[in-house]
Student: 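Mind looking over this structure? Questions follow.
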Amino acid sequence: MPLILGIESTCDETSAAIVADGWGVRSNVVSSQVELHAKYRGVVPEIASRAHLQNILPVLREALRDADCGLDQVDAVAVAHRPGLIGSLLIGVTAAKAIAWALHKPLIGVDHVHAHLYSVVLETNSQPPMPAVGLVCSGGHTALYAMRSMEEVSLIGSTLDDAVGEAYDKVASILGLGYPGGPIIDRLAQQGDPKVLRFPRTYLQRDSLDFSFSGLKTAVLYHVRGVPGKVSSAPKEPPTGQELADLAAGFQAACVDVLIEKLRRAASRIQAKSIIVGGGVSANTGLRNALPRLNLPVFAPPLRYCTDNAAMTAGLAFRYLQAGQFSPLDLDAIPYSRFTEPADSR
Ligand code: KG4
Ligand code: ZN
């Protein structure tokens, strides 16, 4: 029963996990930096890197202690080495390399976005019927994938501008709410009526699998502050009370309708037998409630594995271990996903 130590530091969560056999989560410690970034209403890269540097060893120690596992019992060291903020990635990658080198154990670099898709396997060892459509929706990514298996994944659509989680965070900032905005707007939306305000749904061309959320964000901005250059009856101060809840519900309905329509198109395009969702926004109540509209088996991780965590990194790495695919000790930290690698960098 191979035990893999996973390390995650792609953005603003420092995490370490011990996972057995690719799905048995022995421990998963996540140290969130949310409070450090909240006053800036977004992640500040240098603050994130420095916090990873402070947190990485305590988080590693706690993950080993929780799993009652010594470093010598670990069979491989996995790290999310792409995509992410480069300064953040460097901390996790360097830690993983040092441990692998000192222990003479294999190093396995995995793609963080791919790991979000894999998170549905954790704890359940579920095997979604293939082909499947994968949706990764988070603060940094909104993309659709055709999956022939958990390992064979290709990109079929992605956002042309903001990620959906980014739109949530920016709308929360416009409304003077806290950071991250997703969970706050989600909670408010549950008290609101989505029919009071109808915001635009950007579906792009009829067969497009791409997304665009910046227009929706601007529509909220204009609703709240008024359209520049026009006399507007829009409120000058951000709404409060029921008005705020209705706005949140209207915004959330627009996001969810677009995500569901794109999933429907993608499923029909590849004749999918199931749907897999992952990433921070897959925790969203509106999205979860709407997924049954697709009439396909849906696999979504438990809420603790929706946002960034190292268990998904260690889990996916097990598949590489099985295939004997290891990374060299000069493994690089790479800002973009392997699915969106610019052609001139290959
Ligand atoms: O996957 P994640 O932890 O980090 C990235 O890889 O980006 O996702 C964080 C994002 C944030 O934008 C946050 O606002 C959003 O996920 N999020 C949500 C919810 N929970 C987290 N968005 C909508 N509804 C939620 N319940
Ligand atoms: Zn993520």
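One-based numbering along the sequence shown. For ligands, and for the atoms within them, numbers begin at 1 and follow the listed sequence.
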Student: Would you call the rings of H112 and H116 parallel, tilted or perpendicular if under 30° counts as parallel and over 60° as perpendicular?
Tutor: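 Ring orientation, 0 to 90° scale: perpendicular.
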Student: Is there a polar contact, in the sense of an N or O pair closer than 3.5 Å, between D186 and ligand 1?
Tutor: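 Among all N and O atoms of D186, at least one is under 3.5 Å from an N or O of ligand 1.
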Student: Just wondering, more than 12 heavy atoms not from R148 lying within 6.0 Å of its CZ?
Tutor: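 No, because the 6.0 Å sphere around CZ of R148 holds 12 heavy atoms or fewer from other groups.
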Student: Is it true that, when you exclude Q127 itself, more than 12 heavy atoms of the residues, nucleotides or ligands shown sit nearer than 6.0 Å to its CD?
Tutor: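 Open: at most 12 neighbouring heavy atoms sit under 6.0 Å from CD of Q127.
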Student: Please determine if E166 has a nitrogen or oxygen closer than 3.5 Å to a nitrogen or oxygen of ligand 1.
Tutor: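 The answer is no, given that E166 and ligand 1 share no N or O pair closer than 3.5 Å.
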Student: Name the closest protein heavy atom to atom 24 (N) of ligand 1, giving the residue it belongs to and the distance to 0.1 Å.
Tutor: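 Of the protein heavy atoms, N284 ND2, 2.9 Å lies nearest.
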Student: Check for me whether H112 has a heavy atom closer than 4.0 Å to any atom of ligand 1.
Tutor: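 Contact check H112 vs ligand 1: positive.
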Student: G165 heavy atoms, cut-off 4.0 Å: which ligand 1 atoms fall inside?
Tutor: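 Those of ligand 1 that fall under 4.0 Å from G165 are 12 (O).
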Student: Could you check atom 11 (C) of ligand 1 against the protein and tell me its nearest heavy-atom contact, residue, atom and distance included?
Tutor: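 Result: D169 OD2, 3.6 Å.
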Student: Is it the case that over 12 heavy atoms from other parts of the model lie below 6.0 angstrom from the CG atom of D72?
Tutor: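 More than 12 within 6.0 Å, yes.
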Student: Is there a polar contact, in the sense of an N or O pair closer than 3.5 Å, between T307 and ligand 1?
Tutor: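 In this structure, T307 places no N or O atom under 3.5 Å from an N or O of ligand 1.
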Student: Does F251 share a hydrophobic cluster with Y203, counting links as ILVMFWY side-chain heavy atoms below 4.5 Å and allowing steps through other members?
Tutor: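 As far as the 4.5 Å side-chain criterion goes, Y203 and F251 are connected within one cluster.
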Student: Is there a polar contact between ligand 1 and P180, counting only N or O atoms under 3.5 Å apart?
Tutor: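 Between P180 and ligand 1, no N or O pair is found under 3.5 Å apart.
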Student: So for atom CZ, which belongs to R288, do other residues, nucleotides or ligands contribute more than 12 heavy atoms lying within a distance under 6.0 Å?
Tutor: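 Counting other residues, nucleotides and ligands, CZ of R288 exceeds 12 neighbours.
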Student: Which protein non-hydrogen atom lies closest to atom 6 (O) of ligand 1, naming both residue and atom, and how far is it?
Tutor: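 Heavy-atom neighbour on the protein nearest atom 6 (O) of ligand 1: D308 OD1, 3.3 Å.
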Student: Can you tell me if H141 has an N, O or S atom under 2.8 Å away from the Zn ion (ligand 2)?
Tutor: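 H141 does not place any N, O or S atom closer than 2.8 Å to the Zn ion (ligand 2).
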Student: Compare G278, P83, G139 and give the one whose heavy atom is closest to atom 10 (C) of ligand 1.
Tutor: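 Closest candidate by heavy-atom distance is G139.
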Student: When you measure from the Zn ion (ligand 2) to the N, O or S atoms of H112, does any of those distances fall below 2.8 Å?
Tutor: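 True for H112.
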Student: Just distances here: any N/O of G140 and N/O of ligand 1 closer than 3.5 Å?
Tutor: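 N/O-N/O distance below 3.5 Å exists for this pair.
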Student: Assess whether atom CZ of R293 is packed by more than 12 heavy atoms of other residues, nucleotides or ligands within 6.0 Å.
Tutor: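 Yes, because the 6.0 Å sphere around CZ of R293 holds more than 12 heavy atoms from other groups.
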Student: Are N284 and Y168 close enough that a side-chain donor and a side-chain acceptor fall under 3.5 Å?
Tutor: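 Distance-only check passes for N284 and Y168.
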Student: Among protein heavy atoms, which sits nearest to atom 21 (C) of ligand 1, and what does the distance come to when rounded to 0.1 Å?
Tutor: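 The closest heavy atom on the protein side is G280 O, 3.4 Å.
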Student: If you look at every heavy atom in D111 and V113, which pair is closest and at what distance?
Tutor: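 So the minimum-distance heavy-atom pair works out to OD1-N, 2.9 Å.
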Student: Any atom of ligand 1 sitting under 4.0 Å from a heavy atom of C11?
Tutor: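 For ligand 1, residue contact (heavy atoms, under 4.0 Å) with C11 is absent.
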Student: If you have a sec, work out which protein heavy atom is nearest atom 15 (C) of ligand 1 and how many Å separate them, to one decimal?
Tutor: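 Here the closest protein heavy atom is V281 CG2, 4.0 Å.
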Student: Would you say CZ of R319 has more than 12 non-hydrogen atoms from neighbouring residues, nucleotides or ligands within 6.0 angstrom?
Tutor: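 Buried by this count: over 12 neighbours within 6.0 Å.
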Student: Give the residue and atom name of whichever protein heavy atom lies nearest to atom 22 (N) of ligand 1, and the separation in Å to one decimal.
Tutor: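 Going atom by atom, the protein heavy atom closest to atom 22 (N) of ligand 1 ends up being G182 CA, 3.3 Å.
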Student: Do you know which two heavy atoms are closest between S212 and T202, and how far apart they sit?
Tutor: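 Scanning both residues completely, I find the closest heavy atoms to be O-CB, 3.5 Å.
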Student: So, 4.0 Å and heavy atoms of H116: is ligand 1 close enough to count as a contact?
Tutor: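 Yes, H116 has heavy atoms under 4.0 Å from ligand 1.
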Student: Restricting to N, O or S atoms of D308, which is nearest to the Zn ion (ligand 2)?
Tutor: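 Nearest N/O/S atom: OD1.
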Student: Which of these, C11, S337, P335, sits in a side chain to side chain contact (heavy atoms under 4.5 Å, CB included) with P83?
Tutor: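 Among C11, S337, P335, the one that satisfies the side chain to side chain contact (heavy atoms under 4.5 Å, CB included) with P83 is S337.
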